[in-house]
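To start, the structure under review is shown below, and the notes come after it.
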There are 2 protein chains.
Amino acid sequence: MTTIMVDPGPEAPERTIAERAYRLLRDDIISGDLAPGLKLKIEMLRQRYGLGAAPIREALARLSSDHLVRLEGQRGCEVVPMSVADARDVGHVRKMLEAEALRISIANGDDAWEADVIAAFHRLESIERKINQGIDDLAEWERRNKQFHVALVAACDSPWLFRLRRQVFDQHERYRRLSRVRTVRTRDISLEHRALFEAALDRDIEKAVTVIGAHIQGTTDAVSNALSTGSKHS
Amino acid sequence: MTTIMVDPGPEAPERTIAERAYRLLRDDIISGDLAPGLKLKIEMLRQRYGLGAAPIREALARLSSDHLVRLEGQRGCEVVPMSVADARDVGHVRKMLEAEALRISIANGDDAWEADVIAAFHRLESIERKINQGIDDLAEWERRNKQFHVALVAACDSPWLFRLRRQVFDQHERYRRLSRVRTVRTRDISLEHRALFEAALDRDIEKAVTVIGAHIQGTTDAVSNALSTGSKHS
DNA sequence: ATTTTTAAAAATATCGATATTTTTATTGAC
DNA sequence: GTCAATAAAAATATCGATATTTTTAAAAAT
């Protein structure tokens, strides 16, 4: 077992209320339950989560450095707004980070890494099959999709690359979720995942990088289409 | 004037005590006044800065997402430790981010950008001359060095790239400062800066990317030498 | 009918106090 | 003398209250 231990990221066990608040807010912002641009009033959040003001404030401070929340001097804070331009920017940067992380991971990955990738892929495939049959569990798909992508880069022995990749992945996820509400699924993402999976296990770095690039670009395009067409109504 | 407006980053005008605390702590961590690994006790910080506990806690929360401070559940927090491995990792990622940002910036930069780069370069050169003559103002050098590097990538129209670049630059700066205490200056950094400056104004993207890569690698090597030789004593 | 002033309401940022948890020190057992 | 259990001290996390600032609403003036 050589698969590298990377720091737990924001997913450590919750020892304090502040951590809990951080997780809750984070999830709700990424999922869109707290809409982009929404003013985050402390009292409102207190009621929503049943937590005290102090832990919530701390959580908001952390989220501001994650660029999910915007602090504004003496006038509270808001969920970071979303835009087509930002979606493209996030896509571009994510492409770069994923590509580099994937390069390193494929070069370093050992047996345990392969096993994890295989497992994650199968879990993802099985839910994608269900979804194609009409059974709708997007939340679970989101989870497994994330796990698959994490598994691919898990052997990247660069904590910094890993961290930044994660941050930008989350940003991208927010766009994916925002646009999925409005869009019809047109491309076959399962196919892209399979291509990615096979390239990774073949240790074909250039192929894998090309595929992940196309994959991310595809998502980015879908997102910016959905956003620019569907932004007036709704 | 096309030079792109990028968000102020963590350098907005200070409207609250929490922001002030953030800035103070941040500067002290990057400069090394608060040593790597140091336990940050609230009472200690209260005394040090003459601020209340609540704003300090908020600042620490923000810094934890910047990865300058490590929160640890129910047992306070500490300045993120430093290591040779981390220095190399930071160097590697910084190289990648600076290169890409520089590519975009050189491609986009207009007259105003050129003017700013020229100005920043001259400011940096003049202090480097002074330092070579023995006049020691490292703090000012650090400031101008940072400004020069910012000027180079100022026309990078990718807020995300800009933001991540800045974060990693700060991390790298912490290592530079830590190691400068112990090291004799051996390479001629002014020369590297001049090469970078000229390549940028010539719009020679590949050259500029090569030079910045070597520049960062040089710093990284100096840092990891200083750290691995001088780590026992001191 | 705007715009400006003034007053009221709301929301934020901060403080001081307290309950909990962790760390340190002490005692007692083997 | 080392280890475990216990007690004291220290430090953290959280709450409730308050002072400040911003926003909203109302009144007055041009």
Side-chain angles (χ1 to χ4, degrees), chain A residues 7-29 34-81, chain B residues 8 10-29 34-81:
Chain A
D7 76 335
E11 245 116 55
E14 276 160 22
R15 305 186 64 82
T16 74
I17 300 179
E19 270 164 23
R20 166 148 253 275
Y22 175 70
R23 188 90 55 96
L24 289 169
L25 276 163
R26 192 168 184 286
D27 289 350
D28 282 351
I29 291 170
L34 293 173
L38 180 69
K39 188 83 203 305
L40 293 172
K41 306 220 180 90
I42 301 291
E43 187 50 34
M44 182 270 256
L45 298 173
R46 266 179 53 94
Q47 306 247 329
R48 182 180 175 113
Y49 300 114
L51 304 173
I56 288 176
R57 284 186 123 291
E58 267 177 51
L60 291 171
R62 284 178 71 178
L63 289 166
S64 80
S65 271
D66 292 340
H67 210 259
L68 286 169
V69 156
R70 224 172 78 86
L71 298 182
E72 240 181 319
Q74 200 75 252
R75 66 203 66 141
C77 56
E78 62 174 31
V79 177
V80 169
Chain B
E11 245 115 57
E14 277 162 21
R15 304 185 64 82
T16 76
I17 299 180
E19 271 164 23
R20 167 147 249 276
Y22 175 70
R23 188 89 54 95
L24 289 169
L25 275 163
R26 192 168 183 286
D27 289 350
D28 281 351
I29 291 170
L34 293 173
L38 180 70
K39 188 82 202 303
L40 293 172
K41 306 218 180 92
I42 301 291
E43 187 49 35
M44 182 271 257
L45 298 173
R46 267 179 53 96
Q47 306 247 330
R48 183 181 175 112
Y49 300 114
L51 304 173
I56 287 177
R57 284 187 124 287
E58 267 178 50
L60 292 171
R62 284 179 70 179
L63 289 166
S64 80
S65 271
D66 293 340
H67 209 258
L68 286 169
V69 156
R70 226 172 79 86
L71 299 181
E72 239 181 319
Q74 200 75 251
R75 66 203 66 141
C77 56
E78 62 174 31
V79 178
V80 168

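Just so we're on the same page: letters track the sequence lines, and every chain starts at 1.
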CG of A:L51 versus P of D:dA13: gap in Å, rounded?
-> 16 Å

Length of the NZ-C1' vector between B:K41 and D:dT12, whole Å | 12 Å

Tightest non-hydrogen contact, residues A:R48 and A:D28, listed as NH2-OD2, 3.2 Å

CZ/A:R20: more than 12 non-hydrogen atoms of other groups inside 6.0 Å | no

Is there a side-chain contact between B:R15 and A:R75, using heavy atoms and a 4.5 Å cut-off?
-> yes

For the pair made of CG in A:L45 and P in C:dA11, what is the distance, rounded to whole Å?
-> 12 Å

In whole angstroms, how far is the C1' atom of C:dT12 from the CD1 atom of B:I17?
-> 12 Å

Between A:S64 and A:A61, is there a donor-acceptor pair closer than 3.5 Å when you use the side chain of the first and the backbone of the second?
-> yes

Smallest heavy-atom separation, A:L60 atom then A:L71 atom, equals O-CD2, 4.3 Å

Proximity to the side chain of B:P55 - top-ranked nucleotide from C:dT14, D:dT12, D:dT23 | C:dT14

D:dT14, D:dT22, C:dT12: which one has an atom nearest the side-chain heavy atoms of B:R57?
-> D:dT14

Using atom CD of A:E72 as one end and atom C1' of C:dA13 as the other, report the distance to the nearest whole Å.
-> 15 Å

Touch check for A:I56, heavy atoms < 4.0 angstrom, all strands: base, sugar-phosphate only, or nothing?
-> nothing

Taking CD from A:E58 and P from C:dT14, how many angstroms apart are they, rounded to a whole number?
-> 13 Å

Just checking A:L60: base, sugar-phosphate only, or nothing, at a heavy-atom cut-off of under 4.0 Å?
-> nothing

What pair of heavy atoms forms the shortest contact from A:L25 to A:A59, and how long is it?
-> CD1-CB, 3.9 Å

Now, which nucleotide makes the Watson-Crick or G-U wobble pair with D:dA27, with each of the two distances under 3.5 Å?
-> C:dT4

Determine, for nucleotides 16-21 of chain D in 5'-to-3' order, which nucleotides have protein heavy atoms under 4.0 Å from the base (write B), from only the sugar-phosphate (write S), or from neither (write -).
-> -----S

First encountered from the 5' end of DNA chain D, between A:A53 and B:I42 | B:I42

Take atom CG of A:L71 and atom P of C:dT14, then tell me their distance rounded to the nearest Å.
-> 11 Å

Over all atoms of both residues, closest heavy-atom pair of B:P55 and B:A21 = O-CB, 4.0 Å

Closest nucleotide among D:dT12, C:dT23, D:dT22 to the B:K39 side chain = D:dT12

Separation of atom CD in B:E43 from atom P in D:dT12, rounded to whole Å = 9 Å

